2 protein chains.
Amino acid sequence: MAYKSSDQPAGLPELFSDLVRCETRLYNALNDRLRERHAIVTSQFEFLRHLRDHPGSRVADVAAAFAIGIGATSKGIDRLERDGWVARRPNPADRRSSLLELTGEGRELADAAEATFTERLTELLGDVFGTPGGAAVAQVFATLRAALERDRIGLPTG
Amino acid sequence: MAYKSSDQPAGLPELFSDLVRCETRLYNALNDRLRERHAIVTSQFEFLRHLRDHPGSRVADVAAAFAIGIGATSKGIDRLERDGWVARRPNPADRRSSLLELTGEGRELADAAEATFTERLTELLGDVFGTPGGAAVAQVFATLRAALERDRIGLPTG
DNA sequence: GTACACTATATGCCGTGGCATATAAATCAA
DNA sequence: TTGATTTATATGCCACGGCATATAGTGTAC
């Protein structure tokens, strides 16, 4: 049976606070390391990694994947393009949109930054999540993410 | 034994992606509901709730609690003060700082917004976390948060 | 094929946070 | 005391995201 909103298990607000505070600090710590080694921040690394693993994405595809606005995504891609890491290719099937792909430099950066990212993340989370319990937590969030995406919850306007 | 960074359990990057994407969508969904009912967003609610529960905090205390910069915190408090929800009281022990507290309106808003917040959060997370496994996840993040705070990881500069 | 609705993206304005700096006050050394 | 150092906060500049709008291209009905 689905949870009724009249049932309010104590602990959900505390869990959300803990999640947000962990995420803030992890993001900051990853930013520090990526900035010092590669002169990019985590959000840029995530774009690069996504485009490496999903070449030919359109701006709207990227926006949907990250649950951020299309305008913000367009501007983020502008910056990566200005820095020579991403190219907009004409979309033969639809001249309103472009197909995005990494340049050679962009791919090198994505790979190098990924090593740094994974190393730092392992320092930060390995003790807590490198356990059977950690795998269970990962499963919970994969499930939650799939549900939020299926129901299109929390997408910005534009 | 602590995790060595040379061990890189597959799944940590995926877990981090899932966490960030869940958090983005949850924050957006909570923003929507709080904006429509109380004309505030989640970050403002979190400030109000914190000041309600920790009256007499200084700006630096709030910044540390949320792992954001002191400047950003000062400006956030400015806005809450401008809207009549927070007051800066002179700190008798140190005239450089102020002691923060909610006004009567601020307290009413915090309480009303908390009901909305908890209701929406329960709709969003009740099914996934209202279970014994959910309690275990909560414990993992409480532990992680405590470790990050103890080691002062991920604090912005100023 | 032309008008009309719809879609994809780019752009402008605004609010907000990070970071560097300025200012005021407290603390410490002599 | 007084001068140097440190601390707490406020402020200015910049980057970035949300939202609204503009523009260009697509699809559809007739």
Side-chain angles (χ1 to χ4, degrees), chain A residues 20 23-25 27-32 34-36 39-47 56-83 86-100 154-158, chain B residues 20-21 23-25 27-32 34-36 39-47 56-83 86 88-100 154-158:
Chain A
V20 175
E23 214 246 13
T24 301
R25 285 172 179 267
Y27 226 83
N28 288 342
L30 290 163
N31 277 346
D32 292 343
L34 286 171
R35 192 158 20 215
E36 113 193 4
I40 59 173
V41 291
T42 307
S43 57
Q44 293 178 301
F45 163 65
E46 292 189 288
F47 268 28
S57 296
R58 298 166 310 145
V59 167
D61 301 325
V62 176
F66 290 96
I68 61 178
I70 289 184
T73 307
S74 178
K75 285 180 276 196
I77 298 294
D78 285 349
R79 293 186 287 269
L80 295 176
E81 194 175 25
R82 160 176 57 76
D83 292 333
V86 169
R88 284 176 161 98
R89 299 278 181 199
N91 181 353
D94 187 338
R95 281 184 300 170
R96 290 169 300 180
S97 59
S98 300
L99 304 184
L100 305 174
L155 290 174
T157 306
Chain B
V20 175
R21 252 36 83 192
E23 214 246 15
T24 300
R25 285 172 180 267
Y27 227 83
N28 288 343
L30 289 163
N31 276 347
D32 293 343
L34 286 171
R35 192 158 20 217
E36 114 192 4
I40 59 173
V41 291
T42 307
S43 57
Q44 293 178 302
F45 164 64
E46 291 188 288
F47 268 29
S57 295
R58 298 167 310 147
V59 167
D61 300 325
V62 176
F66 290 96
I68 62 177
I70 289 183
T73 307
S74 177
K75 284 180 277 195
I77 297 293
D78 285 349
R79 293 187 287 268
L80 295 176
E81 193 176 24
R82 159 176 59 73
D83 292 332
V86 170
R88 283 175 160 99
R89 299 280 180 194
N91 181 353
D94 186 339
R95 279 184 303 170
R96 290 171 300 182
S97 58
S98 300
L99 303 184
L100 305 175
L155 290 174
T157 305

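Only heavy atoms go into these numbers, but all of them, side chains included; no hydrogens, no water, no symmetry mates. Here is how names work: the chains are called A, B, and so on, in the same order as the sequence lines, proteins then strands, and each is numbered from 1. Remember, predicted model here, so these are calculated numbers, not experimental data.
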**Q.** Counterpart residues, side chain to side chain donor-acceptor pair (under 3.5 Å), relative to B:Ser97 (two or more places apart)
**A.** B:Asn91

Protein-nucleic acid N or O pairs under 3.5 Å, nucleotides 2-8 of chain C:
unit_1: C:dT7; atom_1: O2; unit_2: A:Arg96; atom_2: NH1; d: 2.4

Q. Which residue, B:Ser43 or B:Pro92, contacts DNA chain C at a nucleotide closer to its 5' end, judged by nearest heavy atom?
A. B:Ser43

Q) For the pair made of CG in A:Asp32 and C1' in C:dC19, what is the distance, rounded to whole Å? A) 12 Å

Q. With sequence neighbours excluded, what pairs up with B:Leu155 under the side chain to side chain contact (heavy atoms under 4.5 Å, CB included) test?
A. A:Arg25, B:Ala67, B:Arg152

Q. For DNA chain D, which residues in residues 73-83 of chain A have a heavy atom at a distance below 4.0 Å?
A. A:Lys75, A:Arg79

(Q) Need two values: the first and the last nucleotide of DNA chain D, 5' to 3', having an atom under 4.0 Å from any heavy-atom of chain A. (A) D:dC16 to D:dT26

(Q) According to side-chain hydrogen bond (donor to acceptor under 3.5 Å, both in side chains), does anything in residues 59-71 of chain B pair up with another residue at least two apart or in another chain? List the pairs. (A) B:Arg58-B:Asp61

Q. What residues form a ring-ring contact (aromatic ring centres under 6.0 Å, His included) with A:Phe45, not counting sequence neighbours?
A. A:Phe117

**Q.** Under the side chain to side chain contact (heavy atoms under 4.5 Å, CB included) test, residues paired with A:Ala65 that sit two or more places apart
**A.** A:His50

Q) What pairs of residues pass the side-chain hydrogen bond (donor to acceptor under 3.5 Å, both in side chains) test when at least one of them lies in residues 67-80 of chain B, not counting sequence neighbours? A) B:Asp78-B:Arg88

Q | With B:Asn28 via side chain to side chain donor-acceptor pair (under 3.5 Å) - residues at least two apart | A | none

**Q.** Residues that A:Asp83 engages under salt bridge (Lys or Arg N to Asp or Glu O under 4.0 Å), provided they are two or more places apart
**A.** none

Q. Pairs in or reaching into residues 65-74 of chain A: which pass salt bridge (charged side-chain N to carboxylate O under 4.0 Å, His left out), with residues at least two apart or in two chains?
A. none

